Amino acid sequence: MIAHDIIVRPIITEKSMMGAVNKVYTFEVAKEANKIEIAKACEEVFKVKVAKVNTVSVRGKFRRQGRNNGGYTKSWKKAIVTLTEDSKPIEFFEGMM
């Protein structure tokens, strides 16, 4: 897998932006990616040093469309990436704060 295929998009929420102050960033990642692949992809794409990676599998939520039909949103995987103390911050998140 290519690094850009592993990291799908950053998660921009109030809680994730609070973590960016402490060099903790949140991303949506490919469902089949493991922690080692996610860490290598972050190091390659953002040129940083990763200390640890936590992952969460997020289940799809039930959503109704109209009166009768209902369906589920897609399931996805979330990665919380913590950088080392001597690593530089990710510039993308610095522009958001």
Side-chain angles (χ1 to χ4, degrees):
M1 276 186 135
I2 301 171
H4 289 285
D5 291 338
I6 292 173
I7 299 173
V8 177
R9 68 183 178 97
I11 305 296
I12 309 298
T13 61
E14 212 171 315
K15 187 174 182 179
S16 69
M17 297 317 290
M18 296 295 276
V21 175
N22 300 324
K23 296 185 180 177
V24 178
Y25 302 99
T26 308
F27 299 98
E28 179 181 341
V29 294
K31 285 173 82 171
E32 60 275 358
N34 60 33
K35 292 182 181 186
I36 297 167
E37 293 171 339
I38 294 167
K40 287 181 181 177
C42 285
E43 289 175 350
E44 183 181 328
V45 171
F46 300 112
K47 310 286 191 276
V48 294
K49 294 179 187 172
V50 175
K52 69 176 187 175
V53 177
N54 294 341
T55 58
V56 180
S57 293
V58 181
R59 261 193 323 178
K61 294 183 179 178
F62 182 76
R63 293 286 185 244
R64 287 194 43 174
Q65 295 287 338
R67 281 181 52 192
N68 301 325
N69 297 337
Y72 286 88
T73 59
K74 70 173 188 158
S75 298
W76 53 287
K77 190 178 219 180
K78 176 167 52 172
I80 298 115
V81 178
T82 305
L83 304 183
T84 58
E85 291 294 323
D86 59 333
S87 177
K88 65 181 181 74
I90 296 176
E91 292 86 14
F92 175 81
F93 287 92
E94 294 300 312
M96 301 296 245
M97 297 191 298

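Nothing here was measured: the structure is a model prediction, and the numbers come from that model. The residues of the chain are indexed from 1 along the displayed sequence.
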Worksheet item: Yes or no on side chain to side chain contact (heavy atoms under 4.5 Å, CB included) for Cys42 and Tyr25, after CA distance, side-chain angles and deciding distance?
Response: CA-CA 10 Å; Cys42 285; Tyr25 302 99; over 6 Å; no
Worksheet item: What heavy-atom pair brings Glu28 and Trp76 nearest, and what distance separates the two atoms?
Response: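 That would be CG-CE3, 3.6 Å.
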Worksheet entry | Nearest non-hydrogen partners of Ala39 and Val50, listed with the distance |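 Heavy atoms of Ala39 and Val50 come nearest at O-CG2, 3.8 Å.
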Determine whether [X] and [Y] fall in the same hydrophobic cluster, where Ile, Leu, Val, Met, Phe, Trp and Tyr are linked whenever their side-chain heavy atoms lie under 4.5 Å apart.
X: Val24; Y: Ile7; result: no
X: Val8; Y: Ile11; result: no
X: Val45; Y: Ile6; result: yes
X: Ile12; Y: Val58; result: no
X: Ile80; Y: Val48; result: no

Could you check whether any side-chain N or O of [X] sits under 3.5 Å from a backbone N or O of [Y], counting only pairs where one atom can act as donor and the other as acceptor?
X: Arg64; Y: Gly66; result: yes
X: Ser75; Y: Gly60; result: yes
X: Thr82; Y: Ala51; result: no
X: Lys77; Y: Glu32; result: no

Worksheet item: How about Ile90 and Leu83: do any of their side-chain heavy atoms sit closer than 4.5 Å?
Response: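 A side-chain contact under 4.5 Å exists here.
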Can you tell me how far [atom2] of [Y] sits from [atom1] of [X], rounded to the nearest 0.5 angstrom?
X: Lys52; Y: Lys35; atom1: NZ; atom2: NZ; answer: 9.0 Å
X: Asp86; Y: Thr84; atom1: CG; atom2: OG1; answer: 4.0 Å
X: Glu37; Y: Glu44; atom1: CD; atom2: CD; answer: 12.0 Å

Determine whether more than 12 heavy atoms belonging to other residues, nucleotides or ligands lie under 6.0 Å from atom [atom1] of [X].
X: Lys49; atom1: NZ; value: no
X: Tyr72; atom1: OH; value: no
X: Lys88; atom1: NZ; value: yes

Fill in: side chain to side chain contact (heavy atoms under 4.5 Å, CB included) evaluation trace for Thr55 with Ile38
CA-CA 9 Å; Thr55 58; Ile38 294 167; 3.8 Å; yes
